[in-house]
Each structure stands twice: as C-alpha cells, then as structure tokens.
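Taking it in order: structure first as structure tokens, then the write-up.
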Amino acid sequence: MDRDMVETVSLRWLRRLVVAAFLVITVFPFYYMLMLSVRPIERLLLDPGSLVVGFGELTVATYAEVLRAADDGGQGFLTFIRNSGLVAVAATVLTLVVAIPGAYAVARLRFFGRRQVDFLFLAVYLFPSIVIAIPLFVVFTRAGLRGSLFGLVLVYISQTLPVSVYMLKNYFDTIPVSLEESAAIDGAGRLGIIRRVSLPLAMPSIMAVALYDFMIAWNEFLFALLFLVDKPDRWTVSLGLSLLADGVEVPKTVLMAGSVVLTLPIVILFFASERLLTEGLTSGAEKG
C-alpha cells in the first residue's frame with residue numbers, strides 16, 4: 001500500500017469513529033432517559049446504573065400516570081400536550097403566513113432601507129428575552145391577554161418572526177431570477193410566480209423554518225411561566241415538566257416519562273420531515 005492509500009483508508013476509518021462517537025454522545029442521554037421511564041421505581045433504586053432492562057421489568061405505568069388527568073390521580077399531561085400543540089401549530093402557521101411574503105419582498109423588491117433590514121431583524125436577538133418579558137407582561141395584562149393561549153401565541157410570533165424572515169430571505173436570494181422572468185414572459189403575475197415558482201423551490205427552507213418555529217414554541221418555558229402561571233388548565237408541556245421536576249414526591253421514573261413525552265413529538269416531526277428538509281438542496285434549479 002502506498003502513502004495515498006494508507007491516508008485514504010485511515011481518514012475513512014477516522015471519520016467513521018468520529019461519527020460513531022458523536023452518535024453515542026447524542027443518543028445515549030435519550031436512551032438512558034427512555035430506560036428509566038419504563039422501569040419500576042423499586043428496580044431503579046436497586047440498580048440505578050443498569051443500561052439494559054429485562055423484558056419482564058418493562059412497565060408503562062409511568063406513562064399512564066403522566067398522561068392521566070389530575071382529577072384521576074395523574075399528572076394531566078394530555079391537557080398540557082393539547083395546549084402546547086395548539087400554541088405551537090398556531091404560532092408556526094401565523095409566523096409563516098407573515099414571514100414568507102415578507103422575506104420574498106425583502107429578497108426581490110427594491111425599497112429604501114432594504115440593505116439595513118437584515119441588521120434590524122437580527123438586532124432583535126441582541127436583547128435577552130428577560131429584557132422584554134416585563135414590558136410584555138404589563139402590556140398583555142392591560143390588554144386582558146395574560147393567561148390566554150392566544151396571548152402566548154402572539155409572544156412566540158414576535159420571537160420567531162424576525163429570524164424566520166431572515167432565513168427565508170437568504171433562501172429566496174438563491175433562487176435564480178431568470179426562472180421568475182421566464183414565468184413572467186409566459187404571462188404569470190407576481191402572485192402566480194410566487195405560488196408556482198418561488199414557493200415550490202423554497203419548500204426545503206420553509207420546512208426548516210417551520211420546524212424551527214415549532215421547536216421554539218413547543219419547548220419555550222420563560223414566557224409560558226410568566227403568562228400562564230396562574231392558569232394550570234392552560235399550562236404547556238414545559239410547565240408541566242417543571243412541576244414534575246420540583247415535586248419531591250414524584251418518582252424519577254415518572255419525571256423521565258414526562259421528559260420523553262416532551263421530546264418525542266419533536267423527534268417524530270424531525271424524522272417525518274427529513275426528506276422534505278433535504279430534498280432539492282443538492283440539485284440546481286436550472287439546467288445548463
């Protein structure tokens with residue numbers, strides 16, 4: 001074997017080892033959390049470090065307790081999941097409804113201050129969330145929106161809209177203008193061009209932004225605590241999980257089951273949309 005072949009083989013195996021190491025680091029915490037959630041508490045106390053659970057030890061009683069209504073002695077996570085789902089879906093849809101035409105306008109139209117728009121969008125994230133939390137709390141209290149899921153949706157839209165516009169604008173910039181000009185020559189109007197040309201090509205970016213917006217709204221804790229703390233029936237999953245974490249009498253197996261319930265929808269959504277996220281990213285829009 002010559003030097004070039006040795007280096008090629010070595011780098012190939014090194015890459016596999018690095019990927020395997022990162023995979024173990026990423027998957028192991030979730031695996032351990034899943035194992036804890038399906039073990040009886042008495043078995044966990046006897047052998048807390050066990051990474052393998054026998055088939056006879058598996059139990060779903062922890063998930064039944066987490067999902068059961070609070071009036072029936074459970075933790076009421078079905079209500080929390082419903083609230084989080086409504087808030088996350090509404091915030092994602094409304095953000096995209098505003099962000100898509102806004103990003104297209106910034107990418108294609110010429111107007112005064114266009115070059116400063118990117119900076120203004122990103123400048124929102126120069127301020128930590130806690131800085132705007134108190135003003136929003138005062139405004140929403142006076143408007144009668146504190147304690148409502150609709151008010152929480154508005155807060156999440158204000159948090160995700162700037163970066164959504166920025167991300168979509170950068171993707172619209174990569175779409176060749178010649179495609180839109182060809183559609184215009186064929187008689188398509190501006191709305192027709194957007195619907196038939198720009199949106200299909202931008203679908204991978206739109207899916208990525210939608211997933212980002214959904215994750216932010218699903219996992220957010222600070223504003224949910226601030227606006228819904230006195231409305232337990234409107235709590236989101238993150239608030240419900242914090243309640244389990246603070247409860248001394250709650251077994252850790254139940255806490256891990258709640259963590260799985262919080263994490264699993266995001267994992268399922270990611271793998272379900274993986275094909276749409278990657279489709280078209282490596283292929284060009286025009287043929288030479």
Side-chain angles (χ1 to χ4, degrees), residues 20-92 149 152 156 207 210-225 228-229 232-275 277:
F22 277 109
L23 185 63
V24 170
I25 294 173
T26 303
V27 174
F28 177 75
F30 186 79
Y31 170 78
Y32 189 58
M33 178 175 65
L34 182 63
M35 290 297 100
L36 291 181
S37 68
V38 295
R39 297 185 66 189
I41 185 61
E42 58 273 10
R43 297 298 303 172
L44 176 62
L45 294 176
L46 291 175
D47 189 10
S50 177
L51 299 179
V52 180
V53 181
F55 185 78
E57 297 181 9
L58 296 178
T59 178
V60 294
T62 51
Y63 290 93
E65 179 178 347
V66 166
L67 298 176
R68 194 164 52 243
D71 295 338
D72 298 331
Q75 303 299 332
F77 261 59
L78 278 180
T79 301
F80 302 153
I81 292 174
R82 182 199 63 192
N83 295 338
S84 290
L86 290 174
V87 170
V89 171
T92 300
L149 296 179
L152 193 61
Y156 291 161
M207 290 301 303
L211 182 60
Y212 166 80
D213 294 340
F214 187 89
M215 289 175 58
I216 294 296
W218 180 270
N219 294 320
E220 202 279 331
F221 175 77
L222 174 62
F223 289 106
L225 175 64
L228 303 176
V229 63
D233 59 319
R234 300 176 185 174
W235 280 9
T236 58
V237 179
S238 57
L239 289 180
L241 187 63
S242 69
L243 179 66
L244 293 183
D246 294 337
V248 179
E249 71 282 358
V250 177
K252 297 307 176 184
T253 53
V254 177
L255 175 61
M256 292 299 102
S259 301
V260 173
V261 171
L262 173 64
T263 308
L264 197 59
I266 298 297
V267 176
I268 294 175
L269 183 62
F270 175 81
F271 283 106
S273 59
E274 182 183 8
R275 182 177 179 182
L277 289 174

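Just so it is clear, the structure is predicted and the values come from calculations on it, not from any experiment.
The CD1 atom of Ile81 lies 5.5 Å from the CG atom of Leu67; values are rounded to the nearest 0.5 Å. A distance of 11.0 Å separates CE of Met207 from CZ of Phe270, quoted to the nearest 0.5 Å. Between the CZ atom of Phe30 and the CE atom of Met35 there is a distance of 9.5 Å, given to the nearest 0.5 Å.
Side-chain contact between Ser259 and Leu241: present, with at least one pair of heavy atoms (C-beta onward) separated by less than 4.5 Å. Using a 4.5 Å heavy-atom cutoff, the side chains of Thr263 and Met33 are in contact. Between Leu149 and Leu228 there is a side-chain heavy-atom pair separated by less than 4.5 Å. Residues Val38 and Thr62 have side chains not in contact (no heavy-atom distance under 4.5 Å, counting atoms from C-beta outward).
Residue Ala257 comes nearest to Val66 through the heavy atom pair CB-CG2, 3.9 Å, listed as atom of the first residue, atom of the second, then distance.
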Kindly list each side-chain donor-acceptor pair under 3.5 angstrom involving residues 83-91, sequence neighbours excluded, with atom names and distances?
residue	atom	partner	partner atom	Å
Asn83	ND2	Thr79	O	3.3
Asn83	ND2	Asp233	O	3.1
Asn83	ND2	Trp235	O	2.9
Ser84	OG	Phe80	O	3.2
Ser84	OG	Val237	N	2.7

Indicate every side-chain donor-acceptor pair of residues 211-221 with a distance under 3.5 Å to a residue at least two apart or in another chain.
residue	atom	partner	partner atom	Å
Asp213	OD1	Ser164	OG	3.0
Asp213	OD2	Ser164	OG	3.2
Trp218	NE1	Leu262	O	2.8
Asn219	ND2	Met215	O	3.2
Glu220	OE1	Tyr156	OH	2.7
Glu220	OE1	Phe223	N	3.2
Glu220	OE1	Ala224	N	3.1
Glu220	OE2	Leu222	N	2.9
Glu220	OE2	Phe223	N	2.7

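A search for side chain to side chain contact (heavy atoms under 4.5 Å, CB included) contacts involving Phe271 returns Val267, Glu274, not counting sequence neighbours. For Ser238, the side-chain hydrogen bond (donor to acceptor under 3.5 Å, both in side chains) partners at least two apart in sequence or on another chain are Thr236.
Evaluation of the side-chain hydrogen bond (donor to acceptor under 3.5 Å, both in side chains) test over residues 24-40, restricted to residues two or more places apart or in two chains, returns Ser37-Tyr63.
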